[in-house]
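Here the structure is laid out as structure tokens; the discussion comes afterwards.
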Amino acid sequence: NTGVIAQDEFPLNKTGFNKLLSTPGINKDTTFVMESTGKYHLTCYHYLLNHNKIAYVVNPLLIKQYKDTITLRKTKTEKPDALLIAGYANNPSIQLEGRKTELESESKLLSRDRLANSDQLAKAKTRLKGDIAVSFPELLEINVFTNSWLNLLSVYGSAKQVSSASTTQIAKAIRGTRAKSTERDKKLAKQAKELAKDSVGVDLHAAITRHQAKTVLYLKKEDKELTKALIAMEKED
């Protein structure tokens with residue numbers, strides 16, 4: 001059916017989607033095709049899939065390429081765009097990709113977010129190494145990206161601050177959110193005190209180092225959560 005079934009606006013909520021599905025002319029065989037618009041199309045797309053509708057998402061670049069083959073007009077308004085997408089979908093030379101499931105769609109988004117987070121984490125680690133080189137360069141002898149050392153640096157951002165704290169205070173910082181300090185925490189606290197002795201670190205840089213350590217800790221946690229969610233999603237597939 002290449003005719004216009006309906007022309008309307010539908011709010012991005014359940015009422016709007018129900019109104020869409022109850023539009024005269026739409027039935028169980030109706031195919032829905034939409035452009036991918038960031039993430040804004042996903043709510044409607046998932047709603048359609050969850051209601052057993054046939055739905056496709058098309059890359060806007062493909063629509064643009066199709067438009068360039070049929071018109072030289074550069075104007076962009078909602079009604080002509082909707083007709084353009086419909087024309088693209090009805091073109092016999094166009095092969096729409098196979099219907100994706102909601103799970104596949106979310107998995108792709110989750111993978112993209114995890115990749116972006118991993119990129120941010122790598123950059124944050126590089127910045128932190130630079131900050132440590134200023135505030136506590138002796139720490140660069142060890143792997144500072146474990147949670148224990150990151151916990152320490154998020155509280156005591158310079159060698160001078162570590163030197164000024166007691167071993168008990170440092171062990172408490174190292175343990176982070178855990179209820180009690182362990183023998184390993186105490187051992188690391190003593191190591192930190194030893195490394196801080198006669199350090200050439202710049203105390204004025206402590207606040208920047210603390211902030212960056214907290215950033216790395218946060219991004220590491222996000223990476224763990226996103227990875228966990230992605231693995232769980234793949235098990236459902």
Side-chain angles (χ1 to χ4, degrees), residues 1-121 218-219 221-237:
N1 184 2
T2 58
V4 176
I5 295 177
Q7 179 183 333
D8 204 345
E9 294 182 0
F10 305 96
L12 196 66
N13 53 39
K14 186 174 181 179
T15 300
F17 294 155
N18 284 339
K19 180 181 177 183
L20 169 65
L21 294 184
S22 63
T23 300
I26 290 180
N27 54 52
K28 63 181 180 64
D29 297 319
T30 300
T31 297
F32 296 83
V33 183
M34 65 193 79
E35 278 187 316
S36 57
T37 54
K39 294 184 179 180
Y40 293 98
H41 65 284
L42 288 172
T43 309
C44 180
Y45 179 62
H46 286 188
Y47 188 86
L48 292 171
L49 292 183
N50 287 331
H51 284 74
N52 298 316
K53 302 301 180 183
I54 302 170
Y56 297 93
V57 176
V58 179
N59 189 316
L61 181 60
L62 296 177
I63 299 297
K64 181 180 182 305
Q65 291 173 344
Y66 172 72
K67 179 180 180 181
D68 291 341
T69 65
I70 61 175
T71 179
L72 296 177
R73 294 180 61 187
K74 300 299 181 182
T75 55
K76 185 173 178 64
T77 55
E78 291 181 359
K79 182 178 178 180
D81 279 357
L83 291 172
L84 188 68
I85 295 170
Y88 174 87
N90 278 296
N91 190 308
S93 66
I94 300 296
Q95 180 65 49
L96 291 174
E97 292 184 6
R99 180 189 176 195
K100 296 181 179 178
T101 66
E102 179 181 7
L103 186 62
E104 290 172 329
S105 177
E106 282 302 299
S107 179
K108 183 177 180 180
L109 282 176
L110 195 56
S111 296
R112 187 185 306 165
D113 285 349
R114 180 173 177 267
L115 183 61
N117 186 80
S118 296
D119 184 54
Q120 288 181 317
L121 178 57
Y218 171 76
L219 292 173
K221 181 181 178 181
E222 287 294 291
D223 184 70
K224 184 177 180 180
E225 291 298 319
L226 288 168
T227 301
K228 181 180 178 181
L230 189 59
I231 291 173
M233 189 174 291
E234 289 173 350
K235 286 182 179 179
E236 291 181 18
D237 193 1

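Predicted model, so just to flag it, every value in this text is computed and none were measured. Just so it is clear, the values below take in all heavy atoms, side chains as well, and ignore hydrogens, waters and symmetry mates.
Across all non-hydrogen atoms, the minimal contact from E9 to K19 is O-NZ, 4.0 Å. Taking each heavy atom of I26 and F32 in turn, the nearest pair found is CG2-CZ, 3.9 Å. Residues K28 and K53 share a closest heavy-atom pair of CA-NZ, 4.2 Å.
For the atom pair CZ (R114) and NZ (K228), the distance works out to 14.5 Å, reported to the nearest 0.5 Å. Distance SG/C44 to CG/N13: 11.0 Å, rounded to 0.5 Å. Rounding to the nearest 0.5 Å places CG of D29 at 6.5 Å from CD1 of I54.
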Using the rule given for side-chain contact (heavy atoms from CB on, under 4.5 Å), can you reason through T30 versus L21, listing the C-alpha separation, both sets of side-chain angles and the distance that settles it, and then say yes or no? CA-CA 10 Å; T30 300; L21 294 184; over 6 Å; no
Begin with the C-alpha distance, continue with both residues' side-chain angles, and end with the deciding distance and a verdict on side-chain contact (heavy atoms from CB on, under 4.5 Å) for L12 and F17. CA-CA 7 Å; L12 196 66; F17 294 155; 3.7 Å; yes
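Shown here are the side-chain contact (heavy atoms from CB on, under 4.5 Å) partners of Y218, two or more places apart in sequence or in another chain: E222. With sequence neighbours left out, D119 forms a side-chain hydrogen bond (donor to acceptor under 3.5 Å, both in side chains) with K123. When the side-chain hydrogen bond (donor to acceptor under 3.5 Å, both in side chains) test is applied to K221, no partner is found at least two apart in sequence or on another chain.
A donor atom on one side chain and an acceptor atom on the other are found under 3.5 Å apart for N18 and Y47.
Within the 3.5 Å criterion, the main-chain N or O of L219 finds a donor-acceptor partner in the side chain of N117.
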